[in-house]
Number of protein chains: 2
Amino acid sequence: MAQKTDLSKLNCSLAKALANIGDWWTLLIVRDAFLGATRFSEFQQSLGVARNILTTRLQGLVDAGIFERQGSPTRPHYILTKKGKALLPALLALMQWGDEWESERRPPMLVTDETGEAAQTVVATTRSGKPLTAANTRFTPGPGANKRTRAYLMLRAARKAAN
Amino acid sequence: MAQKTDLSKLNCSLAKALANIGDWWTLLIVRDAFLGATRFSEFQQSLGVARNILTTRLQGLVDAGIFERQGSPTRPHYILTKKGKALLPALLALMQWGDEWESERRPPMLVTDETGEAAQTVVATTRSGKPLTAANTRFTPGPGANKRTRAYLMLRAARKAAN
DNA sequence: CTGTATCCTTAAAGATACTG
DNA sequence: CAGTATCTTTAAGGATACAG
């Protein structure tokens, strides 16, 4: 992307996440890895992406610690690391959102566990299990918040209260 | 982005989702909306994005049905629709992934409900509540799968079994 | 098979001046 | 305040030939 702004510099976990996986190909490659693809050619054929682009993405994903190169250096497997596997909830949440709102509700892909039990829709809850919604969710500065973040969240909370 | 490939054409819910929100700014705008921002200027100042870019993104989000323009046409509010609000789990999952793997574990932002109860980490489970992991998750063709998707998933399953 | 190396095209992003 | 209109820069993406 014509990325003039460096997202990873922002004091925001979401921005940092997007700096890693915030472009089309990257998450689709990760998806294929969850499906079991490990080879350059497997990703290439599945996605129809140009080789040089795929090279860049794979390198980026390795650098980011999402993939690990394994096996023969000339014919490596790209394997999801723990960090990469940790993307599953986000990936499924996005897939389900696409199913629900962008398809005709006939999902091209069913997600189950190995026994065939269907996946539940990914939901956000509090620790006690109460559902989080746009209405009841609150964002407050955490320990890692810098001055700017802190100020912004205070401002937002104030504005929201004023409405 | 220099998007030569039209993701929305792919028979894949994830690709369709990414076609909507698959670039840096878009999801950050949505995040700000969850924080309570509604004005052009609020988004603009918060993100530091160029005006023309913001215009494009907001229009895109309105076209996608994620935002709705409300109030005075000359001074509108951009409000999350149901479809937009449905992005919360995906958004939180990405934020939490960024917290966990890209920050120094000092979250810049805490997520709670209105009573102050902390959010749980977004997880993927089966309907009975069993956790889904990269290891036990299976992907099979759904009713909306076309020939290509079907063939690909079969291939992947076969390859995976062969490993 | 897994890349590298080029070259080319396009469009995304940014800056900024201007308008209702 | 909320954009629109230009203009420029840059880099992402694609095609393809070649290499180990």
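In the text below, chain A, chain B and the rest are named by the order of the sequence lines, each starting its count at 1. All values derive from a computational prediction rather than experimental measurement. All values below come from the heavy atoms of this structure, side chains included, with hydrogens, waters and symmetry mates left out.
Between A/K83 and B/E100, no side-chain nitrogen of the basic residue sits less than 4.0 Å from a carboxylate oxygen of the acidic one, so the salt-bridge criterion is not met. Classification of B/D113 and A/R138 as a salt-bridged pair fails, no side-chain N sitting under 4.0 Å from a carboxylate O.
For the residue pair A/N11 / A/Y152, no side-chain donor-acceptor distance below 3.5 Å is found, with atom types taken as modelled. Between the side chains of A/Q96 and B/S13, no donor N or O sits under 3.5 Å from an acceptor N or O. Between the side chains of A/D23 and A/T26, at least one donor-acceptor pair of N or O atoms lies under 3.5 Å.
Counting only heavy atoms from C-beta on, B/R75 has its side chain closest to D/dA2 among D/dA2, D/dG3, D/dG14.
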Below 3.5 Å, can you tabulate the donor-acceptor pairs from side chains in residues 62-70 of chain A to any protein atom, sequence neighbours excluded?
{"residue": "A/R69", "atom": "NH1", "partner": "A/Y78", "partner atom": "OH", "Å": "3.4"}
{"residue": "A/R69", "atom": "NH2", "partner": "A/P73", "partner atom": "O", "Å": "2.9"}

Exercise. Hey, mind stepping through A/T112 and A/E117 against side chain to side chain donor-acceptor pair (under 3.5 Å) and telling me if it holds?
Worked result: CA-CA 5 Å; A/T112 63; A/E117 193 188 347; over 6 Å; no
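Within the 4.0 Å cut-off from OP1 or OP2 of D/dT4, at least one side-chain nitrogen or oxygen of B/Q59 is found. In this structure, A/Y78 reaches the C/dG3 phosphate: one of its side-chain N or O atoms is under 4.0 Å from OP1 or OP2. In terms of phosphate contacts, A/S41 brings a side-chain nitrogen or oxygen within less than 4.0 Å of OP1 or OP2 of C/dT2. The side chain of B/R39 contributes an N or O atom lying less than 4.0 Å from OP1 or OP2 of D/dA2.
Taking atom CD1 on B/I29 and atom P on D/dA2, their separation rounds to 14 Å, with Å as the unit. A straight line from CG of B/L54 to P of D/dA5 spans 16 Å, rounded to a whole angstrom. Atom CG in B/D6 sits roughly 12 Å away from atom P in C/dA11 (whole-Å rounding). Distance, B/Q44 CD to D/dT4 C1': 14 Å, rounded to whole Å. Rounded to an integer number of Å, the gap from B/I53 CD1 to D/dT4 C1' is 13 Å. For A/W25 and D/dA11, the CH2 to C1' distance is 17 Å, given to the nearest whole Å. Rounded to whole Å, atom P of C/dA11 lies 17 Å from atom CG of A/D23.
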Identify the pairs formed between an N or O of the protein and an N or O of nucleotides 15-18 of chain D at a distance under 3.5 Å, and give each distance.
{"residue": "D/dA15", "atom": "N6", "partner": "A/N52", "partner atom": "ND2", "Å": "2.1"}

